[in-house]
Amino acid sequence: MAREKIKIRKIDNVTARQVTFSKRRRGLFKKAEELAVLCDAEVALLVFSATGKLFEYSSSSVI
């Protein structure tokens with residue numbers, strides 16, 4: 001059974017939005033790490049939350 005497609009739009013519920021942000025942020029960082037390892041690429045990723053908090057990833061001392 002395939003997953004249902006979701007419409008990409010702002011999530012109205014603040015709690016659900018924060019949970020989604022956290023889960024997708026972790027997934028994005030994991031993909032960035034995979035890209036760096038598999039392709040021997042230098043990867044830097046900066047993510048700012050709605051509250052302005054900074055989350056960062058770099059595959060080496062790029063930042």
Side-chain angles (χ1 to χ4, degrees):
M1 179 181 247
R3 287 189 177 185
E4 223 178 281
K5 282 201 171 214
I6 61 166
K7 275 198 160 197
I8 303 297
R9 61 178 175 79
K10 183 177 178 179
I11 300 171
D12 295 327
N13 184 309
V14 178
T15 305
R17 186 182 321 138
Q18 181 58 41
V19 169
T20 300
F21 175 79
S22 296
K23 287 181 179 181
R24 288 185 175 254
R25 184 187 72 234
R26 274 185 268 136
L28 183 61
F29 280 43
K30 185 176 177 181
K31 289 291 184 182
E33 182 181 16
E34 289 174 2
L35 180 64
V37 171
L38 293 173
C39 300
D40 194 29
E42 295 291 326
V43 177
L45 178 64
L46 297 174
V47 178
F48 291 93
S49 70
T51 60
K53 187 172 179 184
L54 170 66
F55 300 92
E56 59 184 73
Y57 166 82
S58 66
S59 58
S60 63
S61 59
V62 174
I63 297 176

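Note that this is a predicted model, so its numbers are computed, not measured.
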Inset, instruction - Just jot down the side chain to side chain donor-acceptor pair (under 3.5 Å) partners of Thr51, sequence neighbours excluded, or say none. - result: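 With neighbours one apart ignored, the set is Ser49.
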
Only pairs under 3.5 Å count here: list side-chain donor-acceptor contacts from residues 14-22, not counting sequence neighbours, and write none if there are none.
unit_1: Arg17; atom_1: NE; unit_2: Ile11; atom_2: O; d: 2.8
unit_1: Arg17; atom_1: NH2; unit_2: Ile11; atom_2: O; d: 2.9
unit_1: Arg17; atom_1: NH2; unit_2: Asp12; atom_2: O; d: 3.3
unit_1: Gln18; atom_1: NE2; unit_2: Ser22; atom_2: OG; d: 3.4
unit_1: Thr20; atom_1: OG1; unit_2: Ala16; atom_2: O; d: 2.9
unit_1: Ser22; atom_1: OG; unit_2: Gln18; atom_2: O; d: 3.1

Legend entry - Side-chain hydrophobic cluster, 4.5 Å single linkage: members besides Ile6: Ile8

Legend entry - Cluster check Val43, Val37: I/L/V/M/F/W/Y, side chain < 4.5 angstrom: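 Different clusters: Val43 never reaches Val37 through Ile, Leu, Val, Met, Phe, Trp or Tyr contacts under 4.5 Å.
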
Inset, instruction - Could you tell me the separation between the CD atom of Glu33 and the CG atom of Leu45, rounded to the nearest 0.5 Å? - result: 11.5 Å

Legend entry - Atom pair OH (Tyr57) and NZ (Lys30), whose distance is rounded to the nearest 0.5 Å: 12.5 Å

Legend entry - Residues forming a salt bridge (charged side-chain N to carboxylate O under 4.0 Å, His left out) with Lys31, sequence neighbours excluded: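 Lys31: salt bridge (charged side-chain N to carboxylate O under 4.0 Å, His left out) contacts with Glu34.
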
Inset, instruction - With the side chain counted from C-beta on, respond yes when Val47 and Phe29 share a heavy-atom pair under 4.5 Å apart, and no when they do not. - result: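 Counting from C-beta outward, Val47 and Phe29 do come under 4.5 Å.
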
Inset, instruction - May I ask you to check whether over 12 heavy atoms, not counting those of Asn13, lie within 6.0 Å of atom CG? - result: yes

Legend entry - Shortest non-hydrogen contact between Ser59 and Ala41, atoms and distance: OG-O, 3.5 Å

